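Down below is the structure, laid out as structure tokens.
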Amino acid sequence: MSIHQPSYRILGLLDRLIFLSRGQTVYSGSPTNLPLYFSEFGHPIPENENKTEFALDLIRELEGSPGGTKSLVEFNKSWQSMKHTRDSEPDQLGLSLKEAISASISRGKLVSGATNDINSSSMVPTFANPFWKEMVVLSKRSILNSKRMPELFGIRLAAVLVTGSILATVFWQLDNSPKGVQERLGLFAFAMSTTYYTCADALPVFLQERYIFMRETAYNAYRRLSYVISNALVALPGLIFLSFAFAMATFWAVELDGGLSGFLFYFLIMFASFWSGSSFVTFLSGVVPHVMLGYTIVVAILAYFLLFSGFFINRDRIPGYWIWFHYLSLVKYPYEAVLRSEFENPSKCLVRGIQIFDNSPLGEIPSAMKVRLLQSVSKSLGVRITRSTCMTTGLDILKQEGITDLSKWNCLLITVAWGFLFRILFYFSLLLGSKNKRS
């Protein structure tokens with residue numbers, strides 16, 4: 001892409017104006033008062049207006065006018081002659097034309113000049129910086145913004161800890177009984193859905209940065225892919241910390257099965273849930289235009305995910321025309337993973353002898369009567385059943401819940417894959433939804 005001749009002088013002038021707005025002197029002949037400069041040009045800078053942005057907007061407005069930027073170029077000549085500047089502008093600046101163009105683009109404030117010759121080659125690279133450098137700069141900026149508002153992460157951490165503490169005290173040290181099994185199912189369903197709802201705080205992040213993002217990417221300040229990857233990388237440490245805090249608050253207090261290895265898997269599935277939930281909400285932030293609309297959609301969809309996760313209704317009982325939503329549910333996979341981790345031990349007995357009558361109308365009769373009923377059942381079946389005979393194992397619970405098709409590690413991998421998928425969709429939403437140009 002070639003650059004029109006009128007744009008050559010504007011490039012050097014633009015660099016001087018940017019330096020000038022920061023209170024720096026480019027060379028001895030530079031105008032030392034930017035408001036005075038534009039005031040004499042006939043376009044005074046309004047009070048409280050950003051000087052750099054005003055200069056950029058004015059230049060772009062002039063470029064779109066019939067006379068172009070010729071009037072500004074001529075005014076700059078007269079201004080420099082009054083200040084006794086040197087004759088050669090590139091020498092005065094100490095920069096070649098190509099370097100001036102690259103410097104302007106690297107600040108995200110300039111694109112190559114407009115032209116209808118789309119087949120001509122450009123002397124300016126599409127992006128001023130390499131991919132890795134863009135990621136470093138964007139990551140540093142995101143980290144700096146987070147440091148400026150530590151209360152946001154603090155509130156999120158407090159919400160996770162409070163939720164974990166409530167669950168730990170409500171489901172304190174569950175026993176191996178029919179009631180304990182039902183309570184574990186409720187704990188896991190609530191815990192998994194909580195991780196996704198907690199991620200809703202990521203929704204306004206991009207919505208608040210949308211204008212800045214569109215303005216910067218319109219001038220190729222950085223790649224959209226760099227923004228997506230840096231956004232994900234910066235979010236990871238916080239998600240890991242939240243996952244560990246929630247796992248520590250609930251696993252040992254409830255006395256879940258598996259010991260140290262069980263805790264590590266529980267932590268991993270919590271992290272995978274936070275990761276997929278954060279990615280899902282981030283994707284929605286690139287699609288919806290308003291925060292309140294986004295929150296409404298997030299809450300509704302997560303409620304549907306929980307409904308079809310398999311907790312309220314088993315997979316085998318879901319109508320065929322809704323079964324597709326069961327497999328799209330983000331809550332399904334971490335929910336099944338923790339159930340697998342808790343009940344996959346075939347030697348773990350959850351219902352013994354007379355406990356078979358619990359959660360039934362016969363559960364309130366005296367224990368002696370239950371023993372006699374058990375003996376009658378034993379004689380009828382021709383099998384010896386005592387008070388200590390194991391009636392239901394963890395594998396039986398998994399079959400009852402319809403969790404038979406995926407292993408816990410497959411559920412973990414699918415949950416992580418959902419997170420990557422939504423990050424990719426977020427990238428495409430930015431690619432298709434932010435093709436704006438500065439007016």
Side-chain angles (χ1 to χ4, degrees), residues 153-201 237-278 302 305-306 309-312 330-352 355 358-359 390 392-398 400-401 403 408-409 411-412 415:
F153 180 78
I155 293 174
R156 190 178 182 186
L157 176 61
V160 169
L161 290 176
V162 169
T163 303
S165 300
I166 292 175
L167 292 176
T169 53
V170 170
F171 299 98
W172 179 262
Q173 297 182 352
L174 297 179
D175 57 358
N176 294 330
S177 66
K179 291 184 178 179
V181 171
Q182 293 301 318
E183 290 166 353
R184 280 180 173 84
L185 297 179
L187 165 68
F188 293 145
F190 189 87
M192 294 304 108
S193 60
T194 296
T195 59
Y196 286 96
Y197 279 109
T198 306
C199 294
D201 72 318
L239 299 180
I240 293 175
F241 192 82
L242 292 174
S243 305
F244 185 78
F246 189 84
M248 286 294 296
T250 55
F251 186 87
W252 305 109
V254 180
E255 292 190 352
L256 298 179
D257 192 45
L260 181 59
S261 61
F263 171 78
L264 292 178
F265 182 81
Y266 185 69
F267 161 71
L268 288 177
I269 197 63
M270 284 296 170
F271 169 68
S273 299
F274 275 112
W275 161 249
S276 60
S278 175
L302 291 181
F305 285 162
L306 179 60
S309 64
F311 172 69
F312 292 103
L330 297 183
V331 182
K332 161 188 164 64
Y333 301 100
Y335 174 68
E336 292 189 1
V338 291
L339 286 186
R340 280 278 188 183
S341 178
E342 182 68 16
F343 297 120
E344 70 178 356
N345 185 359
S347 62
K348 183 176 182 179
C349 186
L350 298 170
V351 180
R352 292 183 182 275
Q355 289 180 335
D358 294 353
N359 297 329
C390 183
T392 303
T393 64
L395 294 179
D396 296 325
I397 299 297
L398 294 177
Q400 293 174 14
E401 296 299 316
I403 302 175
K408 66 179 184 180
W409 294 107
C411 291
L412 175 63
T415 305

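Computed from a prediction, not measured in an experiment: that's the story for all the values here. Only this structure's heavy atoms are used, side chains among them; waters, hydrogens and symmetry mates stay out.
The two residues V351 and P178 make their nearest non-hydrogen contact at CG2-CG, 3.7 Å. Residue F274 comes nearest to V160 through the heavy atom pair CZ-CG2, 4.2 Å, listed as atom of the first residue, atom of the second, then distance. Scanning all heavy atoms of the two residues, the minimum distance from V254 to L167 falls at CG2-O, 4.4 Å. When all heavy atoms of S278 and L239 are compared, the closest pair comes out as CB-CD1, 4.1 Å. When all heavy atoms of L157 and F241 are compared, the closest pair comes out as CD2-CE2, 3.6 Å. Of all heavy-atom pairs between T195 and S273, the closest is OG1-CB, 3.4 Å.
Dense packing is recorded around CZ of F153, with more than 12 heavy atoms of other residues, nucleotides or ligands lying under 6.0 Å away.
Listed by chain and number, the residues in a side chain to side chain contact (heavy atoms under 4.5 Å, CB included) with S177 are D175, K179, Q355 (sequence neighbours excluded). With sequence neighbours left out, the salt bridge (charged side-chain N to carboxylate O under 4.0 Å, His left out) criterion links E344 to K408. Legend: residues meeting salt bridge (charged side-chain N to carboxylate O under 4.0 Å, His left out) with R156, ordered by chain and number and at least two apart, are D201. Applying the ring pair (Phe, Tyr, Trp, His ring centres under 6.0 Å) test to F263 and every residue at least two apart in sequence or in another chain returns F251, W252.
No donor-acceptor distance shorter than 3.5 angstrom exists from the side chain of S341 to the backbone of A337, with no hydrogens or angles considered. Side chain of S309 to main chain of L306: a donor-acceptor pair is present (N/O by atom type, distance under 3.5 Å, no hydrogens or angles). The closest donor-acceptor contact from the side chain of T198 to the backbone of T194 lies under 3.5 Å. Between the T169 side chain and the I166 main chain, a donor and an acceptor come within less than 3.5 Å of each other.
For the residue pair S276 / Y333, no side-chain donor-acceptor distance below 3.5 Å is found, with atom types taken as modelled. Judged by distance alone, the side chains of S193 and Y335 never bring a donor and an acceptor atom under 3.5 Å apart.
Considering only heavy atoms from C-beta on, L412 comes within 4.5 Å of F265 through its side chain. The shortest distance between side-chain heavy atoms of T393 and F343 does not fall below 4.5 Å. Side-chain contact between F190 and F311: absent, with no pair of heavy atoms (C-beta onward) separated by less than 4.5 Å. Using a 4.5 Å heavy-atom cutoff, the side chains of L187 and L256 are in contact.
Going from atom CD of E255 over to atom CH2 of W172 covers 8.0 Å, rounded to the nearest 0.5 Å. Note that the CD1 atom of I240 and the CH2 atom of W275 stand 10.5 Å from one another [nearest 0.5 Å]. Between the CZ atom in F246 and the OG atom in S165 there is a gap of 9.5 Å [rounded to 0.5 Å]. A distance of 8.0 Å separates NZ of K332 from CD1 of I403, quoted to the nearest 0.5 Å. Rounded to the nearest 0.5 Å, atoms CD (Q182) and CD1 (I397) are 7.5 Å apart.
Judged as a salt bridge (Lys or Arg N to Asp or Glu O under 4.0 Å), not a single pair has a partner in residues 257-268 (not counting sequence neighbours). Counting only residues at least two apart or in different chains, salt bridge (Lys or Arg N to Asp or Glu O under 4.0 Å) contacts with residues 180-191 comprise R184-E342.
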